[in-house]
Each structure stands twice: as structure tokens, then as C-alpha cells.
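In each ligand, atom 1 is the first atom listed, and ligand 1 is the first ligand listed.
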Amino acid sequence: MKKLLITAVIFFTAVTLFSFSNYKSINANGFSNDSLEAAKQMYVDQINGYIAGKENMASDSVFKDIEMLKGVPAEHLLKIMQNGFSTALGVGCDHCHNTSDFASNEKNAKQIARKMMEMSGQIRDLLSNIKEIQSDKPTINCTTCHRGEIVPALKIRN
Ligand code: HEC
Ligand code: HEC
């Protein structure tokens, strides 16, 4: 009986520790990083399937509604979406897209993202005018501000 109890205690401790180790992979927005990454990969694979043979063609000749990223190879646009935008904000594709129609502009976040690209370009220009900066090519991107969150922080937290 005592042995059984000890076995039960060890078992539940193991289960608890295991679930805690899983909590570590929950990101700031409450999604499991693993399932978020898997969902993003699924859409990317799906779209790569549709554009097979056209990976290196300009995005605007492959996709329907490209305003900002014209000329960027189609395959590279998907990398920007997956490793750039989504990761910078810590979101899935569905934060900006209706995932059954990626060309749709119905989500406000997609429209904002275009303005953010424009704003980032303006900041890069301003940066390049600060001649005192020592580095060769000072620059910024979405991660500079967002750092994995939808709303950039205004103070350091711990
Ligand atoms: C932060 C917002 C944001 C996120 C997150 C995002 N996208 Fe986008 N996506 C955009 C914007 C903005 C455009 C339009 C770019 C332009 O106008 O040049 C776009 C365009 C696209 C297009 C072209 C659609 C067409 O036919 O015109 C595809 C495909 C796409 N995204 C796929 C994805 C996938 C897959 C993911 C997830 C891995 C993703 N996006 C995540 C903002 C986002
Ligand atoms: C200079 C800092 C900065 C940079 C660079 C930046 N952002 Fe933002 N972004 C912000 C701020 C600040 C907000 C407003 C957050 C708030 O108060 O709601 C915001 C908001 C957004 C939103 C709306 C959030 C929501 O509710 O969905 C999206 C989408 C977004 N940014 C995408 C991007 C993308 C994509 C890039 C890179 C092309 C980018 N941002 C670059 C500062 C920045």
C-alpha cells in the first residue's frame, strides 16, 4: 500500500513537472509557441504549394494585392511574413489575414502593417541622416519596437 502511494506521488510529481516545462513555451500573447509555429508553417507550406514553379517571380506577379513589397521574390515574401512580421509581433498569420483569402484587406492589422512598413522606411531615412552614428548602416525593423509583442513596451519589465 505504501509502495503504491510512493509510486503515485512520483507519478503526479512527474506529470506536474512535465506540464510546467510545457508552460515555458507559452508566449506573451498566451499561445503555445509550438502550435503557433506549426500553424504558420502549415499556411506557408500550403501557399508554397500553390505558387510552385513561381517562387522566384516578383510577388506582385504571383500574388493578388501587393502594394509595398513589389519586386520581392514570392518565396521571400513568405519568409518575411513568417520570420519577420509574425515573429516580430508574436502572432499567427490570422492576426492580419483572413486565412482563407490572404489577399483580402478586411483585417485592420494588415492595413496597419503596410503603414508600419512605410513608417519604418521613414525612420531608416532619418537614422541615415544622423552622421555621428558610428555603425556602417544603422537600421531598424519590426522587431526593433515590437520584440515579440503586439503593443511595443514603454518600459523595461522583469
Ligand atoms: C503583421 C501583419 C501580417 C502578418 C502577421 C502576416 N502578414 Fe501576410 N501580409 C501582410 C501585408 C501587409 C501584406 C501585403 C503586403 C504588400 O502590400 O506589399 C501581406 C501579404 C501576404 C500575402 C499575399 C496575398 C495576396 O495574394 O496579395 C500572402 C500570401 C501572405 N501575406 C501570407 C502570410 C502568411 C502565410 C503569414 C503567416 C506566416 C502572414 N502572411 C502573416 C501582413 C501580415
Ligand atoms: C518605431 C517603432 C515601431 C516599428 C519599427 C514598428 N512598429 Fe508596429 N507599432 C508600433 C506602435 C507604437 C504601435 C501601436 C501599439 C498600440 O498602442 O496599440 C504599433 C502597432 C502595430 C500594429 C497594430 C497592432 C494590432 O493591434 O494589431 C501592427 C499590425 C504593427 N504595428 C505591425 C508592424 C510591422 C509589420 C512592422 C514592421 C514592418 C512594425 N509594426 C514596425 C511601433 C512600431
If you measure only the distance, is there a donor-acceptor pair under 3.5 Å linking the side chains of N33 and E37? no
Report, in ascending order of atom number, the atoms of ligand 1 lying under 4.0 Å from any heavy atom of K64. 25 (C), 26 (O), 27 (O)
By the salt bridge (Lys or Arg N to Asp or Glu O under 4.0 Å) test, which pairs, at least two apart or in different chains, include something from residues 107-117? D65-R114, E67-R114
Show me the short polar-atom pairs for ligand 2: any N or O of it lying under 3.5 Å from a protein N or O, with distances only.
residue  : atom   : partner : partner atom : Å
ligand 2 : 7 (N)  : H146    : NE2          : 2.9
ligand 2 : 9 (N)  : H146    : NE2          : 2.9
ligand 2 : 27 (O) : H95     : NE2          : 2.6
ligand 2 : 31 (N) : H146    : NE2          : 2.9
ligand 2 : 40 (N) : H146    : NE2          : 2.8

Within ligand 1, which atoms have a heavy atom of I47 less than 4.0 Å away? 29 (C), 35 (C)
Considering only residues two or more places apart or on different chains, which pairs with a residue in residues 117-131 satisfy salt bridge (Lys or Arg N to Asp or Glu O under 4.0 Å)? none
Partner residues of F102 under the ring pair (Phe, Tyr, Trp, His ring centres under 6.0 Å) criterion, sequence neighbours left out: Y43, H97
Do K40 and ligand 1 have an N or O pair less than 3.5 Å apart? no
Testing the basics here: between C142 and A88, what is the closest heavy-atom pair and its distance to 0.1 Å? CB-CB, 3.6 Å
Distance, nearest 0.5 Å, that separates SG of C145 from CD1 of I123: 6.0 Å
Polar contact flag for Y43 and ligand 1 (N/O pairs, less than 3.5 Å): no
Between T87 (side chain) and Q82 (backbone), is there a donor-acceptor pair under 3.5 Å? yes
Per-residue contact class, H97 against ligand 1 - non-hydrogen pairs under 4.0 Å: side chain
Closest approach of K64 and A103, non-hydrogen atoms and distance? CB-CB, 3.7 Å
